[in-house]
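Working notes, structure below.
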Amino acid sequence: MLELRQVHKTFVTPQGPLKVLEDVSLRLAAGQSLALMGESGSGKSTLLHLAAGLDLPDQGVITLGGQNVESLPEPTRAKLRREQLGLVFQQFHLVPSLTVIDNLRLQARLAHRDDADWADHLIERLGLSGMEKRYPEQLSGGQQQRLAIGRALAPRPPLLLADEPTGNLDETTAAEVLELLLSLVRETQCALLIVTHSPQVAAPLDRCLCLSHGRLLDAAP
Ligand SMILES: Nc1ncnc2c1ncn2[C@@H]1O[C@H](COP(=O)(O)OP(=O)(O)OP(=O)(O)O)[C@@H](O)[C@H]1O
């Protein structure tokens with residue numbers, strides 16, 4: 001589903017080159033789940049952005065859904081992202097001017113995979129029934145993140161990438177949102193890569209890897 005082979009990434013900063021990823025390789029098979037942990041600044045979000053084709057490696061190969069991401073021009077990478085990926089971030093990134101139902105169906109519409117029955121099912125599973133015509137600002141933080149998860153899963157992507165998806169929520173809400181996310185991932189059978197600082201988030205996943213000094217290590221959650 002997703003493979004990184006010998007990936008290197010260095011950022012140019014005013015203080016000089018900053019080596020963030022060094023010879024990083026990982027494989028995520030269809031339907032598998034993986035937590036990516038590591039200290040703040042260890043390069044977790046950088047790796048996730050590379051996996052999503054939002055940024056490019058300096059060296060190495062990234063394969064998403066059988067295609068070499070780094071060899072594609074940006075419009076083709078964007079198409080691949082729409083077809084293969086759901087993305088969830090710590091900040092919910094909902095569209096404030098769109099209603100709940102239109103936010104939910106946005107990605108699916110862009111991917112030409114909109115399905116009204118599936119959208120209705122998701123609204124129910126997300127606990128947002130009756131709130132379809134509300135706007136994001138009329139939802140709680142937990143409801144907004146549930147909607148962002150639903151939006152990412154509405155096109156039924158084979159892979160969901162999530163960067164600290166519960167990082168903005170209080171402990172109880174975070175646990176509820178995580179449980180819902182994992183349950184929807186099981187239902188849709190998509191693969192999952194979560195970047196997290198939280199051992200509670202990592203624990204239920206199949207595998208946990210840790211980034212340290214640019215390298216990827218096996219880790220117990
Ligand atoms: N576009 C960029 N230009 C320059 N430096 C960058 C850029 N993006 C990230 N960095 C730097 O690369 C390093 C890794 O950043 P990254 O956001 O991947 O870490 P992280 O492990 O996700 O951190 P956190 O857990 O705090 O979110 C940091 O030192 C960061 O300042």
Side-chain angles (χ1 to χ4, degrees), residues 2-28 32-64 69-74 77-78 80-81 84-94 141-142 144-145 148-149 152 159-171 173-175 177-178 181-182 185 191-221:
L2 171 70
E3 186 172 6
L4 278 72
R5 252 183 294 144
Q6 297 172 328
V7 165
H8 294 249
K9 182 72 184 176
T10 297
F11 289 114
V12 179
T13 74
Q15 292 74 39
L18 177 68
K19 211 183 264 188
V20 177
L21 300 177
E22 242 190 304
D23 200 21
V24 165
S25 297
L26 74 81
R27 268 187 101 165
L28 185 63
Q32 271 191 344
S33 60
L34 171 67
L36 183 62
M37 299 188 76
E39 285 176 8
S40 188
S42 60
K44 303 179 296 297
S45 299
T46 302
L47 190 154
L48 189 120
H49 289 170
L50 293 177
L54 291 167
D55 198 358
L56 294 174
D58 303 324
Q59 274 182 60
V61 178
I62 299 173
T63 314
L64 175 63
V69 176
E70 78 288 345
S71 66
L72 301 172
E74 171 49 27
R77 284 208 307 274
L80 185 67
R81 262 197 302 278
Q84 298 285 330
L85 281 187
L87 283 164
V88 177
F89 296 100
Q90 182 170 352
Q91 318 293 342
F92 319 126
H93 294 306
L94 297 166
Q144 289 188 48
Q145 190 59 310
I149 291 166
L159 173 62
L160 183 67
L161 299 177
D163 197 346
E164 294 283 5
T166 57
N168 242 349
L169 307 172
D170 67 67
E171 212 176 308
T173 310
V177 167
L178 177 67
L181 185 148
L182 295 178
V185 160
L192 172 67
L193 172 58
I194 296 191
V195 163
T196 184
H197 284 283
S198 160
Q200 285 82 10
V201 172
L205 305 195
D206 297 333
R207 269 191 307 156
C208 181
L209 297 172
C210 183
L211 264 178
S212 177
H213 303 290
R215 301 207 174 244
L216 209 46
L217 315 168
D218 276 314

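As the structure lists them, so they are numbered: ligands from 1, and atoms in each ligand from 1. In this chain, residues are counted from 1 in sequence order.
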- Note on the structure: Tightest non-hydrogen contact, residues A52 and L87, listed as CB-CD2, 4.1 Å
- Message: Tell me the closest heavy-atom pair linking V88 and A152, and the distance in Å.
- Response: CG2-CB, 3.8 Å
- Got a sec, which residues hit salt bridge (charged side-chain N to carboxylate O under 4.0 Å, His left out) with D58, two or more places apart in sequence or on another chain? none
- With sequence neighbours excluded, what pairs up with Q15 under the side chain to side chain contact (heavy atoms under 4.5 Å, CB included) test? T13
- Message: Which protein residues come within less than 4.0 angstrom of ligand 1, counting heavy atoms only?
- Response: F11, T13, L18, V20, E39, S40, G41, S42, G43, K44, S45, T46, H197
Which donor-acceptor pairs under 3.5 Å do side chains of residues 191-198 form with protein atoms, sequence neighbours excluded?
{"residue": "T196", "atom": "OG1", "partner": "S198", "partner atom": "N", "Å": "2.8"}
{"residue": "S198", "atom": "OG", "partner": "Q200", "partner atom": "N", "Å": "3.2"}
{"residue": "S198", "atom": "OG", "partner": "Q200", "partner atom": "OE1", "Å": "3.2"}
{"residue": "S198", "atom": "OG", "partner": "V201", "partner atom": "N", "Å": "3.1"}

- Query: Is there a donor-acceptor contact under 3.5 Å from the side chain of D206 to the main chain of S33?
  - Reply: yes
